[in-house]
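Below: one structure, written as structure tokens.
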Amino acid sequence: MIIKKFCNKFLSADSKVLSNFLYLYIIFVIIVYLAPYIFLGSKNYFTVGDNLDSIYAHYKILLDSGKLFATNNSTIDQALGGLPRSSMGSQFNLIFLLFYLFGPETSYVIARILMTLIGFFGMKLLLDKHILKKKNDKIIILSVSLLFSILPFTFFSFLSVAGMPLVLYAMLEIRNRHHFLRNWIIIILYPFLSSFVVYGFFFLFIPIIILFHDFLKRKKVLPFFLSILLLLTCYIFVEYRLIDQFLLGNQFISHRTEKYFPTEFNLYSSIKKFVKFFFIGRSDANSLHGLIIAPLILISIIFMIPKSKLEKEKILFIYVFSFILLATIIWVDFPPFSIIISTLNELIPFNFKRFVTLYPLLWMLALALVLSCLQNLHSSMKLITICVLLLQTANSFKNHEYVRNKNFFGNPTVERYFAQKQFSEIKAFIDKPLNSFRVASIGLNPSISLFNGFYTADGYFVNYPLAYKKKFRKVIEKELNKSQDLKSYYDKWGNRVYLFSSQLGRKNYIYNSGNKILLKNLQLNWEVLYNLDVRFIFSSVKIDNSNIRELIFEKKFINNDSAWDIYLYRIEKL
């Protein structure tokens with residue numbers, strides 16, 4: 001009886017006990033979540049894919065080049081034989097300012113702290129002011145805001161995903177005639193803190209759909225329209241380099257013009273892909289909804305639709321959930337969307353399918369609305385909110401960047417990944433100016449060489465000249481011909497310009513120290529590689545060079561602070 005009374009009091013709408021518990025819980029969870037970033041430094045485990053293997057090093061070499069503000073026609077000499085400046089991102093993205101002021105590791109920590117805090121307060125404002133306005137929704141608002149803030153946002157996205165709720169809140173405030181200066185400032189700043197190509201373009205569709213709805217309802221739309229126009233204008237200003245290249249055609253021909261976008265339709269594979277992405281989503285916008293949130297929503301739909309009245313929350317949920325379904329359908333190439341998108345891709349080499357990058361925002365909004373609808377059925381449903389909060393928090397920690405990379409992927413720490421002491425030894429051994437030759441890597445991400453100051457012929461870039469892709473293909477042509485998977489990977493995608501080996505494949509670029517792999521029958525065009533100014537090969541596996549006269553083994557470098565054994569080979573011209 002006493003326990004029942006306590007539970008009723010604890011779960012009541014105005015329970016100060018529950019509210020205080022939640023606030024303490026939120027503070028505790030955020031502190032623990034951010035602790036590895038704040039206290040571990042280079043001992044932390046950062047994500048490798050689309051992070052340490054690319055963006056993390058790219059920011060550094062661009063700043064080191066001194067050409068952050070250079071014209072589009074200037075060249076960043078360190079990578080891929082010399083990259084056009086326009087392929088390396090806009091100087092107006094404020095992540096560069098963080099890198100310049102604080103260096104790579106500290107800027108990474110600051111970015112993660114900002115993502116967490118802005119994600120929490122942005123979602124709280126959006127839910128509180130525009131989505132859920134009932135008194136007993138406070139617990140839902142706090143819970144969902146926390147769950148959104150501890151999603152595994154990617155570093156390269158910066159505030160692209162984490163800032164979406166705050167920007168949408170500001171735009172909806174303007175729509176409701178709350179023309180406060182802070183709302184306009186939030187909209188202006190967002191393009192400087194996010195990626196238009198991967199996220200911003202797709203986010204714009206949310207306010208555009210709302211604008212269209214208001215227009216049909218004959219509401220006054222001018223202020224809201226101006227907020228959308230302002231956001232788009234700021235993006236155009238920030239991304240002027242890409243616009244100059246792809247829309248005005250004033251720059252190099254990108255390798256993206258040769259990318260393959262599938263147009264054929266297979267019902268079985270599309271349904272299979274739909275189920276997979278509906279529950280898993282994408283790693284660059286991971287919403288962690290598949291294990292708890294999606295099943296809860298699907299089960300709740302059975303009870304919610306027939307039993308509750310058609311209230312505002314249910315209507316909003318139908319809109320949001322429909323958007324989730326539509327985004328997934330577009331991603332898996334269901335017609336007629338596949339036909340429309342393939343036509344657009346022929347005009348502009350841009351992936352128009354990435355609406356699934358809105359998943360974190362959409363799934364969290366759907367969760368909040370479903371929990372509110374369930375709570376309307378019976379006050380005891382508040383227990384579901386508490387259970388979801390606890391279970392999903394545990395899920396977020398299981399997918400924490402530190403836990404995921406250390407325990408599941410076996411990735412090295414930042415310090416061991418870039419192995420700066422080891423590469424200093426290699427520099428001393430070679431004893432030549434770094435800009436007088438180039439290197440290439442086997443079984444090793446080229447970003448490591450770039451980060452350590454070497455000039456490379458290889459790398460991972462999302463935008464570079466098509467002419468270089470074709471030139472480099474001559475180097476790896478025989479290895480590509482041995483593997484249809486590698487051949488398709490390079491020819492139809494091609495972001496990774498690597499010294500591919502059919503023996504190693506493309507699934508793994510991490511071969512830790514102590515491995516016993518012997519790379520046999522490596523067939524590269526050493527003459528073309530030499531003509532690309534490559535004089536040394538860094539390999540994390542031993543190469544059988546007995547039949548390769550152009551490849552001379554120099555030394556094996558081992559360092560306790562490195563994840564790799566580096567085999568150094570010299571290329572000679574016959």
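Heavy atoms only: backbone and side chains are in, while hydrogens, waters and symmetry mates are out.
Checked options Phe429, Phe536, Tyr569, Trp564; the residue passing with Phe557 is Phe429 (criterion: ring pair (Phe, Tyr, Trp, His ring centres under 6.0 Å)). Tyr402 pairs in a ring pair (Phe, Tyr, Trp, His ring centres under 6.0 Å) with only one of the listed residues (Tyr45, Tyr33, Phe46), which is Tyr45.
Centroid-to-centroid, the aromatic rings of Phe538 and Phe423 come within less than 6.0 Å. Annotation: Phe205 is in aromatic contact with Phe355 [ring centroid separation under 6.0 Å]. Under the 6.0 Å cut-off for aromatic ring centres, Phe96 and Phe92 do not qualify, their centroids lying 6.0 Å or more apart. The six-membered or imidazole ring of Tyr190 lies near that of Phe203, with a centre-to-centre distance under 6.0 Å.
Under the 30°/60° scheme for interplanar angles, the aromatic rings of Tyr460 and Trp493 are found to be tilted. The aromatic rings of Tyr464 and His255 sit parallel to each other, their planes meeting at less than 30°, with 60° as the upper class boundary. Aromatic ring pairs are classed by plane angle as parallel below 30°, tilted from 30° to 60° and perpendicular above 60°; the pair Tyr108 and Tyr37 is parallel. Relative orientation of the Phe192 and Phe237 rings is tilted, given thresholds of 30° and 60° on the angle between their planes. Aromatic ring orientation, His58 versus Phe461: parallel (interplanar angle below 30°, classes split at 30° and 60°).
The backbone N or O of Ile571 lies less than 3.5 Å from no partner atom in the side chain of Arg535, so there is not a single donor-acceptor pair. At distances below 3.5 Å, at least one donor-acceptor pair connects side-chain atoms of Arg416 with backbone N or O atoms of Ser562. Side-chain atoms of Gln78 do not come within 3.5 Å of backbone N or O of Thr456 as any donor-acceptor pair. Side-chain N or O atoms of Lys555 include none that pairs as donor or acceptor with a backbone N or O of Leu568 at under 3.5 Å. At distances below 3.5 Å, at least one donor-acceptor pair connects side-chain atoms of Ser160 with backbone N or O atoms of Ser195. Side-chain atoms of Gln392 come within 3.5 Å of backbone N or O of Leu288 as a donor-acceptor pair. Judged by distance alone, the side chain of Asn51 and the main-chain N or O of Val48 form no donor-acceptor pair under 3.5 Å. A donor-acceptor pair under 3.5 Å links the side-chain atoms of Ser145 to the main chain of Lys124, judged by distance alone. Side-chain N or O atoms of Asn183 include one that pairs as donor or acceptor with a backbone N or O of His178 at under 3.5 Å. At least one donor-acceptor pair closer than 3.5 Å links the side chain of Tyr490 to the backbone N or O of Lys469.
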Problem - Full working for side-chain contact (heavy atoms from CB on, under 4.5 Å) between Val475 and Leu532 - result: CA-CA 10 Å; Val475 176; Leu532 291 174; 4.0 Å; yes
Handout entry: side-chain contact (heavy atoms from CB on, under 4.5 Å) between Leu151 and Val161, worked out
Key = CA-CA 10 Å; Leu151 289 175; Val161 178; 5.9 Å; no
Handout entry: Asp77 vs Ser65, side-chain contact (heavy atoms from CB on, under 4.5 Å): CA-CA, chis, key distance, verdict
Key = CA-CA 8 Å; Asp77 297 320; Ser65 73; over 6 Å; no
Practice task
Determine, stepwise, if the pair Val403 / Lys398 fulfils side-chain contact (heavy atoms from CB on, under 4.5 Å).
Solution key: CA-CA 6 Å; Val403 176; Lys398 179 185 174 183; 5.6 Å; no
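In this model, no donor atom of one side chain and acceptor atom of the other lie less than 3.5 Å apart for Thr154 and Asp284. In this model, a donor atom of one side chain and an acceptor atom of the other lie less than 3.5 Å apart for Tyr417 and Ser447. One side chain, Glu173 or His130, offers a donor N or O that lies under 3.5 Å from an acceptor on the other. A donor atom on one side chain and an acceptor atom on the other are not found under 3.5 Å apart for Ser396 and Thr393. Judged by distance alone, the side chains of Gln420 and Asn452 never bring a donor and an acceptor atom under 3.5 Å apart. A donor-acceptor contact closer than 3.5 angstrom is absent between the side chains of Glu239 and Ser90. Neither side chain, Arg404 nor Asn399, offers a donor N or O lying under 3.5 Å from an acceptor on the other.
With Phe202 as the aromatic partner, Arg354 does not meet the cation-pi criteria of under 6.0 angstrom to the ring centre and within 45 degrees of the ring axis.
Salt-bridge formation is detected for the pair Lys43/Glu415: a Lys NZ or Arg NE/NH1/NH2 atom is positioned less than 4.0 Å from an Asp or Glu carboxylate oxygen. With salt bridges taken as basic N to acidic carboxylate O contacts below 4.0 Å, none links Asp458 and Arg438.
Looking only at side-chain heavy atoms (C-beta outward), Met123 and Leu147 stay at 4.5 Å or farther from each other.
Tyr235 is linked by a ring-ring contact (aromatic ring centres under 6.0 Å, His included) to Phe196, counting only residues two or more places apart in sequence or in another chain. When the salt bridge (Lys or Arg N to Asp or Glu O under 4.0 Å) test is applied to Arg496, the partners found at least two apart in sequence or on another chain are Asp53.
Atom OG1 of Thr106 is separated from atom CG of Leu101 by 11.0 Å, given to the nearest 0.5 angstrom.
Contact record, Leu80 with Ala457: CD2-O, 3.5 Å, taken as the closest heavy-atom pair.
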